[in-house]
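What follows is one structure encoded as structure tokens, with my remarks underneath.
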Amino acid sequence: MHTIRLRGPWKKIPLGENQPIRVTIPETAAASGSGATYQRSFNCPTGIDQSRVQVDIESWDGSMIGILLNEISLTLPSQPISCPLSFDVTDHLQPHNTLVIELQPKEKEHGCVGLTGEVSLKIAPSP
């Protein structure tokens, strides 16, 4: 299995703000707030014709409310989500891709939000 870490640059857009902040993942400290959207673009890995590709999200603070790849929603389980989280994205990859992760605090008024673990692509041979 081959791993590509999606460390940076990410665009972090705090809820209610227009100006994105450039961050590197994992974030060293999650910020308190009302939520944030993280956005990262990447090119499709080469030489993956007979492979499966998955997005792995190691850990985060807050509640995961949405994950999109190229504007396609990756389905979240209906039960509470625990770390780590993995999605097979092989069929959704394009030559140029955009991954969006949306987080909100677990508590309505106060709480920390942030991607505190690695976000990566895992490439494995098809079974």
Side-chain angles (χ1 to χ4, degrees):
M1 182 175 300
H2 180 69
T3 300
I4 300 171
R5 291 179 182 87
L6 300 176
R7 290 190 173 150
W10 283 77
K11 291 180 189 175
K12 178 179 180 178
I13 306 165
L15 189 65
E17 295 186 24
N18 295 336
Q19 203 67 286
I21 304 163
R22 288 178 60 126
V23 296
T24 300
I25 304 300
E27 290 183 281
T28 54
S32 61
S34 58
T37 299
Y38 292 81
Q39 185 176 24
R40 170 74 156 76
S41 297
F42 61 94
N43 291 326
C44 184
T46 59
I48 61 168
D49 297 335
Q50 301 299 317
S51 300
R52 303 300 300 171
V53 179
Q54 69 184 35
V55 169
D56 284 359
I57 305 169
E58 189 176 272
S59 63
W60 60 88
D61 283 340
S63 294
M64 183 77 61
I65 59 170
I67 302 173
L68 299 137
L69 179 65
N70 302 323
E71 299 183 9
I72 297 169
S73 178
L74 303 177
T75 305
L76 294 172
S78 57
Q79 292 99 4
I81 304 166
S82 60
C83 306
L85 187 61
S86 295
F87 289 97
D88 187 314
V89 296
T90 308
D91 297 334
H92 303 300
L93 288 174
Q94 299 176 6
H96 187 70
N97 301 278
T98 301
L99 179 64
V100 175
I101 300 172
E102 299 171 314
L103 299 172
Q104 68 182 14
K106 286 184 181 178
E107 301 170 16
K108 287 286 181 196
E109 293 182 24
H110 301 287
C112 293
V113 173
L115 289 172
T116 56
E118 294 281 352
V119 177
S120 59
L121 299 177
K122 301 274 175 111
I123 303 165
S126 292

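One-based numbering along the sequence shown. Because the structure is predicted, anything quoted here is derived from the model rather than measured.
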key: Nearest atoms (heavy-atom pairs only) where K122 meets T3   = CD-OG1, 3.3 Å
query = What distance do L85 atom CG and W60 atom CH2 have between them, rounded to the nearest 0.5 Å?
reply = 4.5 Å
ask   = Can you name the nearest heavy-atom pair linking H96 to N43, along with the distance?
value = ND1-OD1, 3.0 Å
inquiry  = If we count only N and O atoms by modelled type, under 3.5 Å, do the side chains of S120 and D56 hold a donor and an acceptor together?
reply    = no
task = Report the distance from atom SG of C44 to atom CG of N97, rounding to the nearest 0.5 Å.
result = 6.0 Å
task = Would you please test V119 and W10 for side chain to side chain contact (heavy atoms under 4.5 Å, CB included) and show each step?
result = CA-CA 11 Å; V119 177; W10 283 77; 3.8 Å; yes
query = Taking atom CD of Q94 as the centre, does the number of heavy atoms from other residues, nucleotides or ligands within less than 6.0 Å exceed 12?
reply = yes
ask   = Taking atom CE of M1 and atom CZ of R52, what is their separation to the nearest 0.5 Å?
value = 12.5 Å
key: Pairwise side-chain contact, L15 with T37, heavy-atom cut-off 4.5 Å (strictly under)   = no
Nearest heavy atoms of Y38 and V113, plus distance in Å = OH-O, 4.0 Å
inquiry  = To check you understand the geometry: which heavy-atom pair defines the closest contact between L74 and H92, and what is its length?
reply    = CD2-CD2, 4.0 Å
task = Check whether any side-chain heavy atom of M64 lies under 4.5 Å from a side-chain heavy atom of I57, and answer yes or no.
result = yes
key: Linked, directly or transitively: F42 and I101 (ILVMFWY side chains, under 4.5 Å)   = yes
key: Any V53 side-chain heavy atom under 4.5 Å of L93 side chain   = yes
message = Please check: side-chain N/O of T24 versus main-chain N/O of G8, any donor-acceptor pairing under 3.5 Å?
response = no
request  = Keeping the roles fixed (side chain from E27, backbone from L115), state whether a donor-acceptor pair exists under 3.5 Å.
outcome  = yes
Inter-residue atom distance E118.CD - L6.CG, 0.5 Å rounding = 9.0 Å
CA sep, side-chain torsions, deciding dist, call: I123, I4, side chain to side chain contact (heavy atoms under 4.5 Å, CB included) = CA-CA 8 Å; I123 303 165; I4 300 171; 3.8 Å; yes
message = Which heavy atom of Q39 sits nearest to which heavy atom of T98, and what is that distance?
response = NE2-CG2, 3.4 Å
key: Exercise: identify the closest heavy-atom pair between P14 and I21   = CG-CD1, 3.9 Å
Heavy-atom donor-acceptor pair, N70 side chain to I72 backbone, under 3.5 Å = no
note = Rounded to the nearest 0.5 angstrom, the CG-NE2 distance for L121 and H2 is 9.0 Å
query = L103, V100: one ILVMFWY side-chain cluster at the under-4.5 Å cut-off?
reply = no
Between CD1 on residue I25 and CZ on residue R40, distance to nearest 0.5 Å = 10.0 Å
